[in-house]
Amino acid sequence: MNVTPQVFPLISSRADALGEQPFIKLMPVRCEELIAATEGLKKTGVPLVSVQGDSLFPTAGYIDDVGLYYFVPKIAAFFGLSPALAWDLFFLLVVIPCFAVGLWATMRLIESRPVKVVFALVALALFVVVVLAGDVYAISPSLVVLVVPFLMEFSKSESPPKPAHWIWFVLLGAAIALAHYVRSHSATAILLFLFILLVFEKRWAQAKKLAAAGAVLIGALSVTLFFKTRLVERDAYLAKFQPNYVAPPQGHPFWPNVYIGFGFLDNDFGLRYRDEVAYKKVREFFPNATRLDEEHERVLRNEIIALCLKHPLFVVRTLAAKAGVIGFYLLLFGNIGWLCALRYGLKWQIELAFLAGMAFNALPGFLAVPNIPYLTGSFAFAAIYGALQLDNALRRGFLKTSST
């Protein structure tokens with residue numbers, strides 16, 4: 001068999017060649033990659049090796065969602081499912097338990113019965129949005145809903161840590177790393193949230209903070225080592241078929257999405273939120289450039305700088321429009337909790353942690369375009385934040401003060 005070592009081939013098969021489409025939405029290119037990865041695992045027995053015709057190539061060689069292409073083919077092989085059905089099962093096994101456990105944990109934090117009802121409705125709306133949006137974007141909101149209430153409960157605890165706490169933090173670190181390997185940076189906001197609590201929460205003893213950070217690190221490193229080992233095994237297998245095989249880069253292109261993100265508003269610069277717009281711009285300078293090389297990133301970064309210098313009003317107007325859309329969504333999911341925050345508010349450490357989490361998870365929508373799938377992680381933070389703010393306000397006499 002032949003090996004394509006560096007550039008992910010343009011897979012000619014269509015996702016519907018299986019005769020079925022996944023129930024849960026998934027980008028067509030990811031569907032096609034999952035078909036190739038599942039076929040590769042079936043024929044070679046080696047994860048992350050894809051097969052198309054007589055050619056072998058590294059699965060997801062130039063992107064960083066490698067976990068998706070490890071787990072879904074494994075599920076397909078274990079249960080005898082098509083890649084489409086395996087993806088559906090993977091998605092539901094992640095989203096439903098996370099929302100179920102997270103809802104239960106948040107209800108434990110909320111004291112007011114009316115607020116519990118409000119949060120249940122908001123969480124249901126968020127769940128529907130996440131399922132309809134589909135794709136790997138569901139990882140971020142699911143993890144937020146699951147983890148944040150437990151971090152809040154732990155931060156309130158006055159009792160000394162128990163062994164179960166450290167086990168939980170190890171599992172948290174593992175979950176954060178797993179999420180990152182399925183969708184890059186989908187758990188970074190959780191790390192930011194935890195970091196702020198560890199640094200500024202005065203109730204926690206220094207030893208307790210260090211132990212929690214160490215436990216998280218152990219869990220994350222264990223998962224990272226697991227995937228690094230799988231990638232080494234994949235590259236060693238492919239190197240057998242081509243002595244000069246070079247492992248492809250791991251990483252997600254950054255500047256192309258930022259560049260085409262300026263096509264959010266109608267403009268006269270030819271900018272649209274389409275991948276081919278960025279590729280066309282690069283080909284003006286380097287006709288032989290691929291979507292993976294350094295020239296692609298460098299050219300688009302320079303084009304963005306030039307756009308900011310030559311047309312600053314357009315840049316500001318575009319960013320302001322994106323911020324307005326994001327702000328509207330966050331107000332919607334935080335609802336009356338935002339008003340309660342203005343009057344009462346939580347501890348400043350908690351406020352900072354929530355706002356930082358929301359802001360980071362909103363970055364993809366701000367830098368690219370504020371499409372709902374990119375923002376569901378920030379919606380999850382806003383939903384929990386709004387419920388806790390309302391519950392806090394009611395405990396401090398919000399309705400009594402309003403009635404007088």
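One is the number of the first residue; the rest follow in order along the sequence.
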Would [X] and [Y] pass as an ion pair if we require N to O under 4.0 Å?
X: Lys43; Y: Glu39; value: yes
X: Asp65; Y: Arg183; value: yes
X: Glu284; Y: Lys281; value: yes
X: Arg230; Y: Glu233; value: yes

Quick one: does any side-chain atom of [X] pair with a main-chain N or O of [Y] as donor and acceptor, under 3.5 Å?
X: Asn335; Y: Gly386; result: no
X: Lys322; Y: Phe264; result: no
X: Trp255; Y: Glu303; result: no
X: Glu297; Y: Phe254; result: yes
X: Ser222; Y: Gly219; result: yes
X: Thr59; Y: Leu48; result: yes
X: Thr376; Y: Pro141; result: no

Any non-hydrogen side-chain atom of [X] less than 4.5 Å from a side-chain atom of [Y]?
X: Leu388; Y: Ile350; value: no
X: Leu346; Y: Gln389; value: yes
X: Asn361; Y: Phe381; value: yes
X: Phe226; Y: Thr229; value: no
X: Pro22; Y: Phe90; value: no
X: Phe379; Y: Val130; value: no
X: Val182; Y: Leu178; value: no
X: Trp87; Y: Leu68; value: yes

Should Phe314 and Phe269 be marked as a ring pair (Phe, Tyr, Trp, His ring centres under 6.0 Å) after you check the CA-CA gap, both sets of side-chain angles, and the distance that decides it? CA-CA 10 Å; Phe314 167 74; Phe269 308 114; 5.0 Å; yes
Qualifying residue for side-chain contact (heavy atoms from CB on, under 4.5 Å) with Val115, from Leu109, Ile336, Asp391: Asp391
If the plane angle is over 60° it's perpendicular, under 30° parallel, otherwise tilted; pick one for Phe354 and Phe193. perpendicular
Phe127 vs Phe99 aromatic rings, parallel, tilted or perpendicular, using cut-offs 30° and 60°? perpendicular
So, applying ring-ring contact (aromatic ring centres under 6.0 Å, His included) with Trp338, which one of Tyr385, Phe328, Phe333 is it? Tyr385
Residue pair Leu307 / Leu271: nearest heavy atoms and the distance that separates them: CD2-CD1, 4.0 Å
What is the distance from atom NZ of Lys74 to atom OG1 of Thr38, rounded to the nearest 0.5 Å? 11.5 Å
Rounded to the nearest 0.5 Å, what separation is found between the CG atom of Asp275 and the CG atom of Asn257? 7.0 Å
Does [X] [atom1] have over 12 foreign heavy atoms under 6.0 Å away?
X: Phe150; atom1: CZ; result: yes
X: Lys25; atom1: NZ; result: no
X: Lys42; atom1: NZ; result: no

Is the gap between the ring centers of Tyr70 and Tyr181 under 6.0 Å? no
